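Comments concern the structure below.
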Protein chains: 2
Amino acid sequence: MALMHPMSAHPNRPVYLKLRDQIAAAIIDGAYPEGAMLPSVRALAAEQGANPLTVAKAYQQFQNDGLVEVQRGVGMYVVRGAAERLRAAEREAFLREEWPEIRSRMARLGLDPADLVIVS
Amino acid sequence: MALMHPMSAHPNRPVYLKLRDQIAAAIIDGAYPEGAMLPSVRALAAEQGANPLTVAKAYQQFQNDGLVEVQRGVGMYVVRGAAERLRAAEREAFLREEWPEIRSRMARLGLDPADLVIVS
DNA sequence: ATGGCTGTATTATGGCACTGATGCACCCCA
DNA sequence: TGGGGTGCATCAGTGCCATAATACAGCCAT
């Protein structure tokens with residue numbers, strides 16, 4: 001018998017959100033260092049096999065939040081302090097909106113976060 | 001500055017998935033005991049302010065997985081052993097598909113699961 | 001100044017998931 | 001044998017997502 005229906009995972013996550021997550025992770029991890037230029041919309045689109053506008057949509061929110069500075073005709077640059085600000089914001093959002101559910105769900109499933117720290 | 005863009009949470013989670021989660025939780029917790037009849041599609045729809053078909057879609061997978069027995073014209077009943085089987089399946093799926101991502105994301109955000117057990 | 005790179009705006013289109021309204025098939029009980 | 005309760009199938013509507021084809025605006029090195 002199958003029973004393969006993850007309780008909360010959303011199977012078809014939009015591409016532009018996946019890209020945004022990936023970019024955010026790269027900024028936090030320093031793969032895109034502060035002051036560095038992000039891959040161009042067209043370049044990242046080609047690399048990821050996506051549409052340039054989809055990539056642009058992923059970049060959009062970073063500009064809105066002032067984490068990325070746009071120099072029209074040149075490129076987009078990671079602002080100073082972007083990594084730390086981004087990490088702080090993501091952490092706060094995670095603790096407020098996601099962790100409570102995860103915590104209660106694990107409790108229901110008989111799992112203890114402390115026991116799983118070592119695993120993988 | 002706003003910066004409110006949860007990294008992986010899906011904002012608009014479909015109603016039928018929310019309902020399924022809720023029903024699964026109720027079965028695991030014993031709110032719908034084994035052998036008991038589930039609320040009818042129309043009843044639950046009215047109670048939750050949803051469409052009967054949406055509720056039916058939420059019930060669907062439980063039938064496919066053999067956790068619920070349908071007596072046409074009568075109602076749907078929770079199968080014996082459904083709670084434990086459901087919990088085991090959910091736990092396995094969680095550990096395999098969700099926990100790794102959550103774990104690595106928390107690491108990136110500088111969070112330690114062990115420290116958050118007490119919180120909330 | 002010209003070619004080539006940046007990001008951006010516009011418009012259109014196809015696909016797909018979600019939701020909704022209606023009607024039908026089935027079963028039980030009075 | 002009705003009436004009211006089940007689940008379920010069909011059709012249609014809606015909105016988001018992703019793609020595409022262009023065109024435009026700005027910058028820079030040659």
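Chain identifiers are assigned alphabetically (A, B, ...) following the order of the sequence lines, protein sequences preceding nucleic acid strands; residue numbering begins at 1 within each chain. Worth knowing before you read on, the calculation uses all heavy atoms, side chains too, and leaves out hydrogens, waters and symmetry mates. Just so we're clear, the structure is a prediction, and the values are computed from it rather than from any experiment.
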### Query
Looking across every strand, which nucleic acid part, if any, lies under 4.0 Å from Tyr16(A) by heavy atom: base, sugar-phosphate, or nothing?
sugar-phosphate
### Message
Does Gln60(B) reach a base, just sugar-phosphate, or nothing at all? Heavy atoms under 4.0 Å.
### Response
nothing
From C-beta outward on [X], which listed nucleotide comes closest to its side chain: [options]?
| X | options | value |
| --- | --- | --- |
| Met76(A) | dC27(D), dG7(C), dT19(C) | dG7(C) |
| Ser40(B) | dA20(D), dT6(D), dC8(D) | dT6(D) |
| Arg72(A) | dA25(D), dC27(C), dC8(D) | dA25(D) |
| Asn51(A) | dA20(D), dG20(C), dC27(C) | dA20(D) |
| Pro14(A) | dT8(C), dT19(D), dA18(D) | dA18(D) |

Expressed as a whole number of angstroms, how long is the span from [X]:[atom1] to [N]:[atom2]?
| X | N | atom1 | atom2 | result |
| --- | --- | --- | --- | --- |
| Arg13(B) | dC16(D) | CZ | C1' | 18 Å |
| Tyr77(B) | dC28(C) | OH | C1' | 10 Å |
| Leu44(A) | dT6(C) | CG | C1' | 14 Å |
| Gln63(B) | dT6(D) | CD | P | 15 Å |
| Phe62(B) | dC8(D) | CZ | C1' | 18 Å |
| Leu53(B) | dA21(C) | CG | P | 10 Å |
| Leu19(B) | dG20(C) | CG | C1' | 15 Å |
| Lys57(A) | dG7(C) | NZ | C1' | 17 Å |

### Task
Considering just the side-chain nitrogens and oxygens of Thr54(A), establish if one lies under 4.0 Å of OP1 or OP2 belonging to dC17(D).
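False: Thr54(A) side-chain N/O out of range (4.0 Å or more) of dC17(D) OP1/OP2.
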### Tyr59(A): which of Thr54(A), Val41(A), Leu19(A) passes side-chain contact (heavy atoms from CB on, under 4.5 Å)
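Only one of Thr54(A), Val41(A), Leu19(A) forms a side-chain contact (heavy atoms from CB on, under 4.5 Å) with Tyr59(A), namely Val41(A).
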### Query
Hey, which of Val78(A), Ile23(A), Val79(A), Val70(A) is the one that makes side-chain contact (heavy atoms from CB on, under 4.5 Å) with Phe62(A)?
Ile23(A)
### Query
Got a salt bridge between Arg105(B) and Glu101(B), using NZ or NE/NH1/NH2 to carboxylate O under 4.0 Å?
no
### Query
Would you call Glu84(B) and Arg87(B) a salt bridge, taking side-chain N to carboxylate O under 4.0 Å as the test?
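Salt bridge between Glu84(B) and Arg87(B), a charged N being under 4.0 Å from a carboxylate O: yes.
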### Query
Hey, is the side chain of Arg42(A) pairing donor to acceptor with the base of dG7(C) inside 3.5 Å?
yes
### Task
Would you give the length of the straight line joining atom CG of Leu38(B) to atom CD of Glu69(B), rounded to the nearest 0.5 angstrom?
11.5 Å
